[in-house]
Colleague: 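Below you will find the structure I want to go over with you.
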2 protein chains.
Amino acid sequence: MPQADSDQPAYVRVADTLRREIRAGILGVGTLLPSEVNIAKAMNVSRNSVRPALDILRREGLVRTEVGRGTFVRPPVPARRISMNQYREDAATAARTTYPPPPAAADSTLAPHLPTVELTEVPADAGLADLFRIPEGTPLQRRYVIHRVNGTPVQVTTSYYLLDMVQGTWVATPESEPSPGGAIGHLWSLDVQVKKVRPVVTSRPPTTDEAAVLRTERDVLAITRQMLDGSGRVVEVAREIVISSAGVELEYEIDL
Amino acid sequence: MPQADSDQPAYVRVADTLRREIRAGILGVGTLLPSEVNIAKAMNVSRNSVRPALDILRREGLVRTEVGRGTFVRPPVPARRISMNQYREDAATAARTTYPPPPAAADSTLAPHLPTVELTEVPADAGLADLFRIPEGTPLQRRYVIHRVNGTPVQVTTSYYLLDMVQGTWVATPESEPSPGGAIGHLWSLDVQVKKVRPVVTSRPPTTDEAAVLRTERDVLAITRQMLDGSGRVVEVAREIVISSAGVELEYEIDL
DNA sequence: GAGTGGTCTAGACCACGAC
DNA sequence: TCGTGGTCTAGACCACTCA
């Protein structure tokens, strides 16, 4: 073991102490931590040495701070594994679904899982034109969707269809979210078969908006995705799918 | 445009100003930023308001700080795209290579790209036993490899083979890194054909060591990977492949 | 109104790098 | 020796939440 406490900066000692107490369960899940002033008193440091310690724990996803209330121990995030086999399952779901699907019964247990949807029409900017391999300015439908699990936003997706393709169809209505088979289901209902999905994964600090919506100080995973049909035409672009990286795993599977 | 400067916290204003000057090229790549004290004077704030601003820019990967020297504008990281088609190319390379390959000629232009390699023997801990689907304690060969591009460490990989499989072979020697066809090449040389690769991607703050080696304050991408042969046996585990997320894109391709 | 975290100031001392 | 960033202190005011 490295000789712990001494000669370490004060804020690291504070962070280590608090982290140890959280890990040991002394500060249980949901517990309100002592206030910054009280931590400072208890550990004989100034409040300005407590704050960077809490910054560290926030970035590690161990605690969440609410202004005016205090800092709380976060529940350990269950490892939410997102499998890219999802796309194969989506394709299978699409193939056996009649679109548009009957409206879901008003099941209140589903409410906390319902997404927020905003559909708008926009011209393709340079980046989208490149991803779609179409001229800049081509009309697109933009879909901004906030996905929730148990009421907690976990994913913010901004995706695009060619406006020509979806205009006047069920896909152009907010009722098309959530859709059986996801985007692949949408396209299936338009007689477009997705044959290739190309996701590109990066990680970056969240924008201010994303941090607020996803309630995270951690970096986010940002996925840019293209969907292609059998002729190689790009039929959907997601730029970007933003996921709080806390407790999320993206699983791929490559057959050789 | 959102009304920029006013009513924003001072440190955000400072960060925005510096970011704008970097983006505009006023502070060119490699430039030494004004010292914290001088930025404070110039913007009429205290040094303690400049520091969080620089924290933001560091986390965005825009600047790098060296104690005693100052803060410098980092070169824009070229988007290094890592394609998972690499595995298919590796398989093709392995199939046409005779192992062990002839030692590379002493080509000094390659030196800055040579990896650091440490091979050790370890018993499987609980996590590795689970990933390999073998009993805890099974002897493994552990490979710790630091990959470099132009002398800069970009990736730290810790991977494992079953010791029984590699002991006494070329794969058990440091000369086996770098290998044509990577891990797939190693296994091919042992008459083991990799049929499936299963990478799981997460993002997390770097450990102190990783931050030092990869010279980054950004979160890192951490990939845990299994390689399986035709019978479904796990023949290699990487836990973890750690990549500085700055400017890195992981590209996958899924055929439906 | 009392307590919380968010922000800010004006100082200070230190280890380190460059000269 | 001097300037740099790293750390730390002791204050202060604010907006916010909650009783």
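Please read these numbers as outputs of a predicted model, since none were measured by experiment. Residue numbering restarts at 1 for every chain, and letters A, B, ... go by the order of the sequence lines.
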Colleague: Does Thr71(A) place a side-chain N or O at less than 4.0 Å from the phosphate oxygens OP1/OP2 of dT4(C)?
Modeller: no
Colleague: Quick check for you: among dT4(D), dG6(C), dT9(D), whose closest atom lies nearest to any side-chain atom of Asn38(B)?
Modeller: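 Of all the options, the side chain of Asn38(B) is nearest to dT4(D).
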Colleague: Can you tell me if Arg58(B) and Thr65(B) form a side-chain donor-acceptor pair at under 3.5 Å?
Modeller: yes
Colleague: Between the main-chain N or O of Leu33(B) and the side-chain N or O of Thr31(B), is there a donor-acceptor pair closer than 3.5 Å?
Modeller: no
Colleague: Specify the separation, in whole Å, of atom CZ of Arg51(B) and atom P of dT7(C).
Modeller: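 Rounding to the nearest Å, CZ of Arg51(B) and P of dT7(C) are 16 Å apart.
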Colleague: Testing Glu177(A), Glu118(A), Glu236(A) for salt bridge (Lys or Arg N to Asp or Glu O under 4.0 Å) with Arg143(A), which one passes?
Modeller: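 When Glu177(A), Glu118(A), Glu236(A) are each tested with Arg143(A), the salt bridge (Lys or Arg N to Asp or Glu O under 4.0 Å) holds only for Glu177(A).
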Colleague: From CD of Glu36(A) over to C1' of dG3(C), roughly how many Å is that when rounded to an integer?
Modeller: 12 Å
Colleague: Determine whether Tyr87(A) and Arg225(A) satisfy the following criterion, side-chain hydrogen bond (donor to acceptor under 3.5 Å, both in side chains), listing intermediate values before the conclusion.
Modeller: CA-CA 12 Å; Tyr87(A) 291 120; Arg225(A) 177 186 72 191; 3.1 Å; yes
Colleague: Quick one: do the Gln155(B) and Thr157(B) side chains pair a donor with an acceptor below 3.5 Å?
Modeller: yes
Colleague: Go nucleotide by nucleotide along DNA chain D from the 5' end; which of Thr65(B) and Val45(A) gets its closest nucleotide reached first?
Modeller: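 Nearest-nucleotide comparison on DNA chain D picks Thr65(B).
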Colleague: Taking only the side-chain nitrogens and oxygens of Ser49(A), find out if one of them lies under 4.0 Å from OP1 or OP2 of dT9(D).
Modeller: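 Answer yes for this pair, as a side-chain N or O of Ser49(A) is under 4.0 Å from OP1 or OP2.
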Colleague: Are any of Ser35(B)'s side-chain N or O atoms less than 4.0 Å away from OP1 or OP2 of dT4(D)?
Modeller: yes
Colleague: Taking CD from Gln8(A) and P from dC8(D), how many angstroms apart are they, rounded to a whole number?
Modeller: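 Rounded to whole Å, this separation is 10 Å.
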Colleague: Check whether any side-chain N or O of Ser159(B) sits under 3.5 Å from a backbone N or O of Val237(B) as a donor-acceptor pair, and report yes or no.
Modeller: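 Side chain of Ser159(B) to backbone of Val237(B): no pair is present.
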Colleague: So, does Tyr11(B) get its side chain near the phosphate of dC8(C), meaning an N or O under 4.0 Å from OP1 or OP2?
Modeller: no
Colleague: Please state how far atom CZ in Phe72(A) lies from atom C1' in dT17(D), giving the value in whole angstrom units.
Modeller: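 Phe72(A) atom CZ is separated from dT17(D) atom C1' by 10 Å.
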Colleague: Between dG11(D), dG6(D), dC8(D), which nucleotide gets closest to the side-chain atoms of Asn48(A)?
Modeller: dG11(D)
Colleague: What is the separation between atom CG on Leu33(B) and atom C1' on dG3(D), rounded to the nearest whole Å?
Modeller: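 After rounding, the reported distance stands at 16 Å.
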Colleague: For Arg13(A) and dT7(D), what is the distance between atoms CZ and C1' respectively, to the nearest whole Å?
Modeller: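 Roughly 11 Å, once rounded to whole Å.
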Colleague: When the distance from CZ of Arg58(B) to P of dG5(D) is rounded to whole Å, what number comes out?
Modeller: 9 Å
Colleague: Report the distance from atom CD1 of Ile39(B) to atom P of dT4(D), rounded to the nearest whole Å.
Modeller: 10 Å
Colleague: Any side-chain N or O of Ser46(A) under 4.0 Å from OP1/OP2 of dG11(D)?
Modeller: no
Colleague: Start with the C-alpha distance between Arg148(B) and Thr116(B), add both sets of side-chain angles, then the distance that settles side-chain hydrogen bond (donor to acceptor under 3.5 Å, both in side chains), and finish with yes or no.
Modeller: CA-CA 8 Å; Arg148(B) 293 189 169 71; Thr116(B) 300; 2.8 Å; yes
Colleague: List the protein contact pattern of nucleotides 13-19 of chain C with one symbol per nucleotide (5' to 3'): B for base contact, S for sugar-phosphate-only contact, - for none; contact means a heavy-atom distance under 4.0 Å.
Modeller: ---BSS-
